[in-house]
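This report concerns only the one structure given below.
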Number of protein chains: 2
Amino acid sequence: MPEPVVVLIEDEPQIRRFLRATLTGEGYRLFEAPTAGAGVIEIGSRQPDAVVLDLVLPDMDGLEVIRRVRQWSGVPIIVLSARGQERDKVCALDAGADDYVSKPFSSGELLARLRVALRHAAGASQPENAVFKLGGLHVDLLRRNVMLDGREVRLTPTEYKLLTTLIRYAGRVVTHQQLLREVWGPNHDSMAHYVRVYMGHLRHKIEAEPARPRYLLTEPGVGYRLADG
Amino acid sequence: MPEPVVVLIEDEPQIRRFLRATLTGEGYRLFEAPTAGAGVIEIGSRQPDAVVLDLVLPDMDGLEVIRRVRQWSGVPIIVLSARGQERDKVCALDAGADDYVSKPFSSGELLARLRVALRHAAGASQPENAVFKLGGLHVDLLRRNVMLDGREVRLTPTEYKLLTTLIRYAGRVVTHQQLLREVWGPNHDSMAHYVRVYMGHLRHKIEAEPARPRYLLTEPGVGYRLADG
DNA sequence: CGCATTTTTTACGGAGTTTTTACGCTCCGC
DNA sequence: GCGGAGCGTAAAAACTCCGTAAAAAATGCG
């Protein structure tokens, strides 16, 4: 995995230097901004995995930074602040910050809280759709639905499992025994007629002319094969 | 509108009393456990929206509680502790805690951090964009109210949890087992009829024609799916 | 404690799915 | 041509799953 990207918005050069050493030393890719304005732009262009934000900045209130960023990004924001009053913390957290660390802080704690933030971000990212396409046939393996020429095709669990098994071996021959084992489980090796019956069902639902299949091809004496591109 | 459920694991009666007043006063549904063992059981059976955990407990290390719960649940865990050493914080956060508040703490800060946790659980980075919309169905995940064509719909806690779980996977199929685990907790895998009964309840409250659902769709043999766009 | 709400159990009809059985077809070699 | 093996189809039988209702148990609340 690539190194996590962090944007640091902090005006005091001394703290910047310290955090630069800490974060880069831990393997983070760090981008720094000394002002709120530059920071917001930096977040927009770098699309970081997390943001470390000092609340006290010369040009703009840190809370305003949070609110602006939250209009278009859910990136985890960890606030750093010299002010440890309850009121400050509540305002920042309710504005959309994910954590609040008071100065003086220890590098270990900040790093640990950064790991928590990245954990959250990693969990939130949805896996993209894995969709198998072959001619007019679209099989969305994540959403578990099958489309033929734009129409939704309703498949029973066994039909779906059979189809996805063939997709997994797309283009290659799959023997009767393999299909039986993968779809019906072990101890069904002699039930080859199941496969024939269900291949018929599938063809009726997926093929324009079930008698002249374009996708679900028979390999006589061996098994079946899903046509490839 | 079901209230957020919080499990509090804390052995000192004094702090328990204080937090009980604070949290119930803010509209949380609170379940308390004085020991780690009881706490883990409570989390498993209540399936709370967040956990507040004191690290120092009579029967088991708080870190062990975190590790056990993390085996089967991603529920946000906020650690309370009298120990404010960097080492303690890092250990707890790396063990899977989501936040760490040192005693003495202010109730306002704890409540704010709890709101952050619930925001995360609702899948929103910012209070505003936590409304799920689908046709005439509006679900405010932070305020926890459900509107259908402008009218408020009263849901029981279990109904609400079932609906929000489906929302989290909107458009994708969710298996019976997934629903059981996320709504009823572990050790309910064989109770598939719960899901059928509650899906019926939900449809009666949300669907115009429960027999011809437009939102809460059945995926025969697999589970259910919330219609998308 | 008694009441209202919610959750858990139980039962059943009907729809849909899987399994089983049967039969016609074609492609072979004989 | 004949017969057998493998393939495709159809339909009956057995089974599972879904939705519903309603009773029973648990829970929360005054």
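Source: prediction; values computed, not measured.
Not one side-chain nitrogen or oxygen of A/Tyr224 sits closer than 4.0 Å to the OP1 or OP2 atom of D/dG6. For the pair B/Arg196 and D/dC17, the criterion of a side-chain N or O lying under 4.0 Å from OP1 or OP2 is not met. Neither OP1 nor OP2 of C/dT6 sits under 4.0 Å from any side-chain N or O of B/Thr158. Put simply, B/Arg29 has no side-chain N or O that comes within less than 4.0 Å of OP1 or OP2 on C/dT6. The shortest distance between the side-chain N/O atoms of B/Trp184 and the OP1/OP2 oxygens of C/dT8 is below 4.0 Å. Regarding contacts with the backbone of C/dT7, a side-chain N or O of B/Tyr198 is found under 4.0 angstrom from either OP1 or OP2. Within the structure, every side-chain polar atom (N or O) of B/Thr218 is placed at least 4.0 Å from both OP1 and OP2 of D/dC18.
In this structure, B/Arg70 places its CZ atom where more than 12 heavy-atom neighbours from other residues, nucleotides or ligands lie under 6.0 Å away.
No contact: A/Arg212 has no heavy atom under 4.0 Å from any strand. B/Phe31 comes within 4.0 angstrom of sugar-phosphate atoms only, judged by non-hydrogen atoms across all strands, and of no base.
The main-chain N or O of A/Val69 is never found under 3.5 Å from a side-chain atom of A/Ser73 such that the two would form a donor-acceptor pair. Checked by atom type and distance alone, the side chain of B/Gln178 pairs as donor or acceptor with a backbone atom of B/Thr175 at under 3.5 Å.
Rounded to a whole Å, the OH atom of B/Tyr28 is 19 Å from the P atom of D/dG28. Put simply, CG on B/Leu202 is 16 Å from P on D/dC18, counting in whole angstrom units. B/Leu217 has its CG atom 20 Å from the P atom of D/dC17, to the nearest Å. Spacing between atom CD of B/Glu159 and atom P of C/dT5 amounts to 13 Å, rounded to whole angstrom units. Summarising the geometry, the separation between NZ on B/Lys205 and P on C/dT5 is reported as 11 Å, rounded to the nearest angstrom. A straight line from CE of A/Met199 to P of C/dT19 spans 15 Å, rounded to a whole angstrom. A/Leu180 has its CG atom 14 Å from the C1' atom of C/dT18, to the nearest Å. Note: CE (B/Met191) to C1' (C/dT9) measures 10 Å, nearest angstrom.
Looking at which nucleotide of DNA chain C each of B/Arg154 and A/Val197 is closest to, the 5′-most match is held by B/Arg154. Taking the nucleotide of DNA chain D with the nearest heavy atom to each of B/His204 and B/Glu219, the more 5' of the two is matched to B/Glu219. Remark on DNA chain C: of its neighbouring residues A/His188 and B/Pro157, the 5'-side contact belongs to B/Pro157, judged by nearest-heavy-atom nucleotide. Between B/His176 and B/Glu3, the residue anchored nearer the 5' end of DNA chain D, judged by the nucleotide with its closest heavy atom, is B/His176.
Here the nucleotide nearest the side chain of A/His201, chosen from C/dT18, C/dT8, D/dG8, is C/dT18. Among the nucleotides C/dT9, D/dG8, D/dG19, the one closest to any side-chain atom of A/Arg203 is D/dG8.
Inter-residue side-chain proximity for B/Val7 and B/Val52 is flagged as unmet; no heavy-atom pair is nearer than 4.5 Å.
With no hydrogens or angles considered, no side-chain donor-acceptor pair links B/His176 and B/Asp189 at under 3.5 Å. For the 3.5 Å distance criterion, the side chains of B/Thr218 and B/Arg196 fail to qualify, holding no donor opposite an acceptor.
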